[in-house]
Amino acid sequence: QVQLVESGGGSVQAGGSLRLSCAASESTIKNYCVGWFRQAPGKEREGVAAIDSHGTPNYADSVKGRFTISEDNTKNTLYLQMNSLKPEDTAMYYCAAAAALYCGGSRNQYEYKYWGQGTQVTVSS
């Protein structure tokens, strides 16, 4: 159904910034819940950030104050602004969507069905 494509990843020095984008093939308004996840080698997939139906973000403690999730519904695009990047932020980043009319801002990967292909973020020291 809905297709998601991430972009914006790359290699940066610690302290740098990146903005990830997730383009959706259709509008997510009143249809999907969306969020960002990441997975580093040998580690479990982690919910980074999600947005509830009121636009309130839900962040992992490890990224609070540094990352910002946002949506541009006119462009069917989800963003993740990442500032003050640390080497431990290195991972494959995925956007995900769940078909729903109401979103509680869950960062549980098992509540999401649709996934993008991922974009690699590498932070060097």
Side-chain angles (χ1 to χ4, degrees):
Q1 202 167 21
V2 64
Q3 297 178 24
L4 307 172
V5 180
E6 302 96 333
S7 63
S11 298
V12 297
Q13 295 280 356
S17 299
L18 285 173
R19 187 180 73 161
L20 306 184
S21 299
C22 173
S25 61
E26 62 186 79
S27 176
T28 60
I29 300 176
K30 293 186 177 181
N31 288 296
Y32 299 97
C33 303
V34 293
W36 285 98
F37 295 78
R38 67 185 182 186
Q39 188 165 27
K43 297 184 65 178
E44 186 175 318
R45 186 174 297 176
E46 173 188 23
V48 175
I51 308 176
D52 71 13
S53 292
H54 297 97
T56 301
N58 176 19
Y59 298 105
D61 288 342
S62 60
V63 307
K64 286 181 179 177
R66 300 188 298 119
F67 290 12
T68 303
I69 186 172
S70 62
E71 295 176 285
D72 185 341
N73 294 126
T74 65
K75 300 181 183 296
N76 294 337
T77 302
L78 179 72
Y79 300 99
L80 184 67
Q81 178 66 47
M82 306 185 296
N83 298 325
S84 301
L85 284 162
K86 305 175 181 180
E88 50 263 47
D89 294 318
T90 295
M92 184 72 74
Y93 283 71
Y94 302 89
C95 61
L101 296 180
Y102 181 80
C103 305
S106 174
R107 292 186 291 105
N108 182 351
Q109 65 171 315
Y110 297 109
E111 297 187 23
Y112 294 82
K113 179 177 181 179
Y114 305 100
W115 295 81
Q117 84 289 348
T119 185
Q120 178 67 39
V121 171
T122 302
V123 185
S124 62
S125 58

Side-chain hydrophobic cluster, 4.5 Å single linkage: members besides Tyr110: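 Other cluster members: none.
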
Using a side-chain heavy atom cutoff under 4.5 Å and only I, L, V, M, F, W and Y, what cluster partners does Tyr94 have?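 Tyr94 shares its hydrophobic cluster with Phe37, Met92, Tyr112, Trp115.
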
Counterpart residues, side chain to side chain donor-acceptor pair (under 3.5 Å), relative to Ser21 (two or more places apart): none

Could you tell me whether the side chain of [Y] reaches within less than 4.5 Å of the side chain of [X], counting heavy atoms only?
X	Y	answer
Ser70	Gln81	no
Gln117	Val5	yes
Met82	Trp36	no
Leu18	Val121	yes
Val123	Gln13	no
Thr119	Leu20	yes

Distance (rounded to the nearest 0.5 Å) between [X] [atom1] and [Y] [atom2]:
X	Y	atom1	atom2	result
Leu80	Leu78	CG	CG	7.5 Å
Asp52	Cys103	CG	SG	7.5 Å
Gln109	Arg107	CD	CZ	12.0 Å
Arg66	Asn83	CZ	CG	9.0 Å

Would you say the side-chain atoms of [X] pair up with the backbone N or O of [Y], donor to acceptor, closer than 3.5 Å?
X	Y	result
Tyr79	Thr68	no
Gln39	Glu44	no
Thr122	Ser11	no
Asn58	Gly105	yes

With no hydrogens and no angle check, do the side chains of Asn108 and Ser106 hold a donor and an acceptor under 3.5 Å apart?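 No, Ser106 and Asn108 have no side-chain donor paired with an acceptor closer than 3.5 Å.
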
Is it true that Ser62 and Arg38 share a donor-acceptor pair across their side chains at a distance under 3.5 Å? yes

Parallel, tilted or perpendicular: which fits the ring planes of Phe67 and Tyr93, with parallel below 30° and perpendicular above 60°? tilted

Any carboxylate oxygen within less than 4.0 angstrom of a Lys/Arg side-chain nitrogen, looking at Asp61 and Lys64?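 A salt bridge links Asp61 with Lys64.
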
side-chain contact (heavy atoms from CB on, under 4.5 Å), paired with Leu85, selected from Val63, Thr90, Val12: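 The side-chain contact (heavy atoms from CB on, under 4.5 Å) with Leu85 is passed solely by Val12 among Val63, Thr90, Val12.
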
